[in-house]
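Read the numbers this way: they start at 1 and go in the same order the structure lists the ligands and their atoms. For reference, positions follow the sequence shown, starting with 1.
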Amino acid sequence: MPERHAPPRRIVLVGFMGCGKTSVGRALAERLGWEFRDLDALIEQRAGSSIAAIFQTRGEAAFRDEERAAAAALSGLERIVIATGGGAFAEPATRELLQQGSLSVFLHCAFDVLLGRIPADGRRPLAANRETMRRLYAEREPAYRLADRVVDASRALPRELAAEIARGLGIERFEATPGA
Ligand code: S3P
């Protein structure tokens, strides 16, 4: 019996800051003809302020509440690719919401590669220093590994990774857009 008769309703990309969730998510959504949603962008839209401002004025716990509510808001939608923020899948309640009816993919990337990709522009409050990042990376990796699939995101381009994910899931057979 084939492993899967129908595609998942949603594909959720997880992994540490800088692993490429947004760029791969966009490329994957385009490839499948699905909608792309970025969880961080949705949080900012719902809160009417930037993530940095939420952290600064209300603290991380409030941000995690917003993040969980945003994940819940997407949990009924179909044919969407969701790029999550780096901490979302490490929060059990948020992870549970993201996993429902979805196929999750961990974009694995070596820590040193991530360091080179994350700009120190203040937009990521938890990327303020290397030691915090190293600790978070180690703490979160076991949660990321709870994803249904793992791909190596250290070197490949977003389009290549999107193609690898789509092929690996066998989704194009069901959902490719005509002429794609
Ligand atoms: C966070 C990662 C960010 C954003 C917020 C918190 C984290 O998303 O959600 O700054 O806890 O790792 P990216 O992974 O898209 O940078």
Is any side-chain N of the basic residue among [X] and [Y] closer than 4.0 Å to the acidic one's carboxylate O?
| X | Y | answer |
| --- | --- | --- |
| Glu30 | Arg26 | no |
| Arg64 | Glu66 | no |
| Arg135 | Glu131 | no |
| Glu164 | Arg167 | no |
| Glu141 | Arg145 | yes |

Could you tell me if any non-hydrogen atom of Arg123 lies under 4.0 Å from any atom of ligand 1?
-> no
How about Tyr144 and Phe89: are their ring centroids closer than 6.0 Å?
->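 Ring centroids of Tyr144 and Phe89 are no less than 6.0 Å from each other.
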If you scan protein heavy atoms around atom 2 (C) of ligand 1, the nearest is Gly86 N, 3.3 Å
Give the residue, atom name and distance (to 0.1 Å) of the protein heavy atom nearest atom 10 (O) of ligand 1.
-> Pro125 CD, 3.5 Å
Please identify which atoms of ligand 1 are closer than 4.0 Å to at least one heavy atom of Ile51.
->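 In order of numbering, the contacting atoms are 5 (C), 10 (O).
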Hey, which atoms in ligand 1 end up nearer than 4.0 Å to a heavy atom of Leu126?
->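 Per the distance check, 7 (C), 11 (O).
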If we only count N/O pairs under 3.5 Å, is Asp40 in contact with ligand 1?
-> yes
Tell me which one of Arg124, Arg64, Glu91 gets a heavy atom nearest to atom 11 (O) of ligand 1.
-> Arg64
Per-residue contact class, Arg140 against ligand 1 - non-hydrogen pairs under 4.0 Å = side chain
